[in-house]
Amino acid sequence: MRLSIIIVNYNVRYFLEQCLYSVLKACRGIAAEILVVDNNSTDGSREFLTERFQQQVRFIWNTTNEGFGRANNQALAQAKGEYILFLNPDTIVPEDCFSNCLAFFDDHPDAGALGVRMVDGAGQFLKESKRAFPSPMTSLYKLSGLSRLFPHSALFARYHLGHLSEHENHAVDVLAGAFMLIPRPVLDQVGSFDEAFFMYGEDVDLSYRIQRFTSIQQGKPYQNYYFAGTTIIHFKGESTKKGSLNYVRLFYKAMSQFVQKHYSGSRAGLFNAFVQTAIWSRAALSALARLVQRIGLPLLDATIILLSFSLVKLWWNTSIRNDVNYSSNMLGIAFPVYGIIFLSASYYSGLYDKGYRQARLNRSTFSAALILLSGYALLPESLRFSRGILVFGIIFSFFCMSLLRKLFIYWQLMNTADEDDEHRQTIIVASELDYKRVGVLMEEAGMRERVLGRINDDSSTTTGTLGNTAQLVNLIKMYPVKEIIFCADGYSFKEIIHVIQQLPVGVRNKFHASGSSSIVGSDSKDMGGEYLSVENKYSIGNDVNRRHKSLADILVVLLFIASLPVHLLLQKRPGGFLKNILAVLLRKKSWVGYAVSPRHLPPLRPGVLTSTALPASINTLPPESLQISDEWYATGFSVYTDLRKLSRGYRYLGY
């Protein structure tokens with residue numbers, strides 16, 4: 001066996017699907033095996049992957065998350081290859097990747113390990129493809145921002161070896177764990193991953209140990225090589241999102257472990273001080289960034305509402321009704337009340353979700369206005385001030401918020417949501433057969449993509465197509481193209497990777513291997529990946545619908561509490577009914593859930609009733625029928641669906 005490819009999976013089944021299709025292509029002509037270790041994924045990876053790759057891949061299914069290093073070592077113990085490749089699941093490799101890398105080893109007997117040039121989903125070079133070992137000064141330059149100011153300096157940019165060309169081969173210190181190719185004899189001599197590192201740092205530690213050993217054949221230290229002769233896509237950060245507090249904690253804990261293991265004396269003390277500084281500073285910055293991301297726009301909207309109502313009140317008082325003195329409590333009570341109502345409506349309508357949609361702002365404003373004006377109409381005459389101020393204040397604040405978002409989009413500080421971008425066009429680079437397959441997949445997923453047409457996947461121009469791949473850049477400039485779906489059928493992964501690096505900035509790329517059941521992509525190394533699959537068709541998986549379901553649960557609880565004596569008389573099991581009210585209120589249950597909890601459907605809390613409108617304890621349908629019922633429920637969910645099932649199963653709410 002020439003090559004063993006080891007991949008550790010954790011909840012990224014669609015990215016792994018695309019990865020495996022590319023790996024299988026790259027293994028052609030090479031005696032190779034593929035081993036996948038799943039670290040107890042909860043996204044249905046086992047069923048999904050075994051159905052598609054049972055014959056080509058050897059799977060190891062862990063019942064707990066064993067960590068990156070230990071999972072790799074599990075597969076290594078079973079691997080038979082002369083060379084071992086540790087590969088991330090969120091990668092795509094070109095067809096000649098493995099053959100080129102193995103040829104490099106043949107020409108470089110001193111090579112102890114090999115890493116390759118990596119780009120993200122947008123085709124941008126990933127600097128972590130080549131790195132230096134961490135040191136106090138290297139850390140200082142990186143933390144201080146000097147490495148960004150001088151990205152090509154041998155001194156200040158040493159962390160990512162910025163002075164070394166990304167397009168040339170180099171001996172380097174550290175290789176990225178996303179792609180580490182190592183001869184088996186080297187691993188036998190040096191040892192594999194240190195399992196003390198749960199996630200992150202294993203690649204630094206292994207790279208360090210490889211360079212400290214001497215090649216038995218060459219009689220000199222092994223070299224870690226950065227190989228620019230092939231380029232892979234690394235979507236990056238799918239298993240642990242970059243920038244999260246968990247990422248910061250794990251990453252810098254790993255760096256601290258590395259220092260304690262390999263450094264000693266004053267150097268270790270100094271470096272540990274830098275590491276601790278980095279941990280706290282990065283944690284603080286991450287917390288601040290997340291805070292701004294979560295409350296920054298809502299806080300800005302609240303400010304706009306208060307200012308808008310204040311200006312309208314001033315204008316109304318001076319130009320329309322200057323003979324009336326309005327209560328000074330208006331600004332302190334009525335205006336903030338509208339702001340709170342608006343923000344609540346915005347949360348449940350998804351206004352602050354990823355991607356801006358004007359329809360969400362319209363819906364939020366209408367809902368808040370309706371609630372405020374209805375409440376105003378119920379107030380005693382003595383407490384009313386002016387309906388005109390409310391109406392014009394709502395209109396003016398709506399205009400200001402809409403304008404602000406348009407400016408944010410223009411300045412590229414905010415992205416529009418895919419479905420509602422009226423200028424968006426999608427083109428598909430594919431053969432005619434895969435073009436039809438992708439169209440079916442998008443239709444099954446319920447996506448309303450505005451597909452402009454097909455690009456032929458070779459240099460010819462066929463009737464009915466927009467053009468060929470040689471004309472792709474010009475077509476993007478000619479048409480308002482925001483997204484390209486690349487299909488790897490007649491068009492190779494190698495060609496796709498080459499093309500995405502030539503495209504203008506701002507074009508979104510997605511990828512689909514011929515025969516696969518998903519489309520994946522990521523706009524940059526700092527953003528989580530996106531996928532399109534049949535799973536997208538489930539309405540219950542939509543964030544807005546899930547919030548609506550939670551809100552409906554609480555409102556029904558309040559309704560039941562307000563009329564509790566009546567329900568205690570009507571329910572078969574009053575005690576169980578009270579327990580269920582408390583469970584739903586504490587968010588331990590939902591009023592309606594699945595009948596059999598299928599893993600391929602979006603997760604829900606356990607239901608008092610199931611999708612059949614009956615409690616699980618008295619469901620008598622066969623499992624196949626219950627699965628179909630759950631499928632229908634997840635696909636066609638709405639709040640009305642839950643209310644209808646509550647009405648049908650009302651007498652069983654105490655079970």
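Predicted model, so just to flag it, every value in this text is computed and none were measured.
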For the backbone of [Y] and the side chain of [X], can you confirm whether one donor and one acceptor N or O come within less than 3.5 Å of each other?
| X | Y | answer |
| --- | --- | --- |
| E17 | S517 | yes |
| D120 | L126 | no |
| T610 | Y594 | no |
| T365 | N362 | no |
| S344 | I340 | yes |
| N88 | D90 | no |
| N509 | F486 | no |
| S346 | F342 | yes |
| K645 | S611 | yes |
| Q18 | A513 | yes |

When rounded to the nearest 0.5 angstrom, what is the spacing between [atom1] in [X] and [atom2] in [Y]?
| X | Y | atom1 | atom2 | result |
| --- | --- | --- | --- | --- |
| H548 | D642 | NE2 | CG | 12.5 Å |
| I519 | I428 | CD1 | CD1 | 7.0 Å |
| R605 | S550 | CZ | OG | 4.5 Å |
| L653 | L646 | CG | CG | 6.0 Å |

Margin query: Ring-plane angle category for Y633 and F637, please: parallel below 30°, perpendicular beyond 60°, tilted otherwise.
Written below: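 Answer is perpendicular, since the angle exceeds 60°.
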Checklist line | Residues V499, I484; criterion side chain to side chain contact (heavy atoms under 4.5 Å, CB included); working and verdict | finding: CA-CA 11 Å; V499 168; I484 304 173; over 6 Å; no
Next item on the list: Assess whether side chain to side chain donor-acceptor pair (under 3.5 Å) is satisfied between S516 and S518, documenting all intermediate values.
Entry: CA-CA 6 Å; S516 67; S518 60; 4.8 Å; no
Next item on the list: Answer yes if the ring centres of F396 and W315 are under 6.0 angstrom apart, and no otherwise.
Entry: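 No, they do not, as the ring centres are separated by 6.0 Å or more.
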Notebook entry, point to check: Stepwise, does the side chain to side chain donor-acceptor pair (under 3.5 Å) test hold for S364 with S367?
Noted result: CA-CA 5 Å; S364 302; S367 301; over 6 Å; no
Checklist line | Evaluation steps, side chain to side chain donor-acceptor pair (under 3.5 Å), between D553 and S590 | finding: CA-CA 6 Å; D553 280 345; S590 176; 2.8 Å; yes
Notebook entry, point to check: Hey, mind stepping through K436 and R454 against side chain to side chain contact (heavy atoms under 4.5 Å, CB included) and telling me if it holds?
Noted result: CA-CA 10 Å; K436 293 178 180 178; R454 178 173 76 90; over 6 Å; no
